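Reading through the structure tokens given below for one structure.
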Amino acid sequence: MQSILERERHADSELWQFLQLEKKWLKSVADRHVQVWLTSRSGDLEPQLQAQLRSQRRRILARIPAAELKLPDSRSPLTPDLQNFYTEIVNGARDAIQGSPYAKAMYIPWNLLPYPLNYTIFATEALVTGGLDTGFDARALLALLTSRVINVHSYCLPAEPEANEQTGLDYLHEARRG
């Protein structure tokens, strides 16, 4: 049985997932700008100062144009940096599913994923349609995300395969009715 605090965290997990996604993107943008700045001044700075600059992302983010800080969407060209960002999202989803008791179950609760389901699907599709090598079968993960992840909190869906399938089917039937 879960505590009240754990249930509250699950209730806010969609917001938490989105905040984690934005945090990851902003860190990626700041790191890229720090790296560009450091390579332009490669001989001027000692290693200790370089480490300090890397740790001060907020100051760096304040100088980056707002358009660059927005999350990438379908109109964003697939650059190597964006490919790395999408790969991290997809790897996070794969690891969360594989490391959970739901790995062999028919249905997987959406709040198990580290990032929002719709953006995880978007990132996986971008990698699949771009024909990019992710080191594993991204098409299989995409099929899993679109067919087995359902809008149920993890405390509502049992992890045992037989009970999971029946409860998942019950939720799906209830969702179609109402």
Side-chain angles (χ1 to χ4, degrees), residues 5-6 8-42 45 47 49-100 102-103 108-154:
L5 290 175
E6 287 173 330
E8 285 296 317
R9 185 174 102 40
H10 286 297
D12 292 334
S13 58
E14 188 172 18
L15 175 61
W16 182 83
Q17 286 174 329
F18 186 74
L19 290 174
Q20 292 302 325
L21 178 67
E22 282 202 330
K23 179 179 166 185
K24 180 170 260 331
W25 174 245
L26 293 176
K27 181 184 177 305
S28 168
V29 170
D31 287 348
R32 185 176 58 229
H33 279 268
V34 166
Q35 194 57 40
V36 166
W37 191 81
L38 286 176
T39 54
S40 70
R41 303 179 187 278
S42 61
L45 302 173
L49 184 57
Q50 289 181 9
Q52 282 179 335
L53 286 172
R54 285 190 182 99
S55 69
Q56 297 180 1
R57 289 188 186 97
R58 285 190 182 136
R59 282 190 355 196
I60 294 163
L61 285 172
R63 296 181 181 157
I64 298 172
E68 270 189 71
L69 298 176
K70 292 181 181 175
L71 279 170
D73 59 16
S74 60
R75 296 177 304 248
S76 303
L78 194 58
T79 63
D81 290 328
L82 194 52
Q83 176 186 348
N84 290 337
F85 177 68
Y86 288 160
T87 302
E88 287 180 28
I89 291 171
V90 171
N91 286 341
R94 184 197 65 204
D95 294 344
I97 292 169
Q98 284 179 346
S100 78
Y102 297 97
I108 301 167
W110 65 272
N111 64 340
L112 181 74
L113 300 174
Y115 306 109
L117 175 61
N118 60 352
Y119 205 87
T120 304
I121 290 172
F122 165 72
T124 309
E125 284 179 340
L127 292 176
V128 168
T129 57
L132 302 170
D133 181 28
T134 57
F136 63 93
D137 189 1
R139 288 182 196 281
L141 180 65
L142 183 59
L144 182 139
L145 290 171
T146 55
S147 65
R148 290 180 46 200
V149 177
I150 61 173
N151 191 18
V152 174
H153 289 283
S154 57

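Keep in mind that what you see is a predicted model, and the values were worked out from it rather than measured.
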**Request:** Measure the spacing between CG of Leu142 and CG of Leu127 and express it to the nearest 0.5 Å.
**Result:** 10.0 Å
**Message:** Would you compute the distance between atom CG of Leu26 and atom CG of Leu19 and round it to the nearest 0.5 angstrom?
**Reply:** 10.5 Å
**Message:** So Leu21 and Trp25, do their side chains get closer than 4.5 Å, heavy atoms only?
**Reply:** no
**Asked** Where do Gly130 and Leu78 come nearest, in terms of heavy atoms and distance?
**Response** CA-CD2, 4.5 Å
**Request:** Answer yes or no: is there a side-chain heavy-atom contact under 4.5 Å between Lys24 and Lys27?
**Result:** no
**Prompt:** What are the two closest non-hydrogen atoms of Ala138 and Thr124, and how far apart are they?
**Reply:** O-CG2, 3.5 Å
**Message:** Just verifying a value: how many Å separate Tyr115 OH and Thr120 OG1, rounded to the nearest 0.5 Å?
**Reply:** 8.5 Å
**Asked** Between Ile97 and Ala103, which heavy-atom pair has the shortest distance, and what is it?
**Response** O-CB, 3.4 Å
**Item:** 4.5 Å side-chain heavy-atom contact, Tyr119 and Gln17
**Value:** no
**Asked** Looking at side-chain heavy atoms only, is the closest gap between Leu145 and Leu113 below 4.5 Å?
**Response** yes
**Request:** Please check if atom CZ in Arg148 has more than 12 non-hydrogen atoms from other residues, nucleotides or ligands closer than 6.0 Å.
**Result:** yes
**Message:** Whether the side chain of Asn111 engages the backbone of Ser154 through a donor-acceptor N/O pair (distance < 3.5 Å, no angle test) should be reported.
**Reply:** yes
**Fill in**
In terms of heavy-atom contacts, Trp16 and Pro114 come closest through CZ3-O, 4.1 Å
**Item:** Separation between CD1 of Ile89 and CD1 of Ile121, rounded to the nearest 0.5 Å
**Value:** 12.5 Å
**Request:** Indicate the atoms forming the closest heavy-atom contact of Ile64 with Ala30, along with that distance.
**Result:** CD1-CA, 4.3 Å
**Message:** Any salt bridge linking Arg32 with Glu68? Criterion: basic side-chain nitrogen under 4.0 Å from a carboxylate oxygen.
**Reply:** yes
**Sole candidate of Val90, Thr146, Val128 that passes side chain to side chain contact (heavy atoms under 4.5 Å, CB included) when paired with Leu141** = Val90
**Prompt:** Got Leu71 and Phe18 here, is their nearest side-chain heavy-atom distance under 4.5 Å?
**Reply:** yes
**Asked** Hey, are the side chains of Leu144 and Ile108 touching, using non-hydrogen atoms and a 4.5 Å cut-off?
**Response** yes
**Asked** How long is the gap from OH on Tyr86 to OG1 on Thr79, to the nearest 0.5 Å?
**Response** 8.5 Å
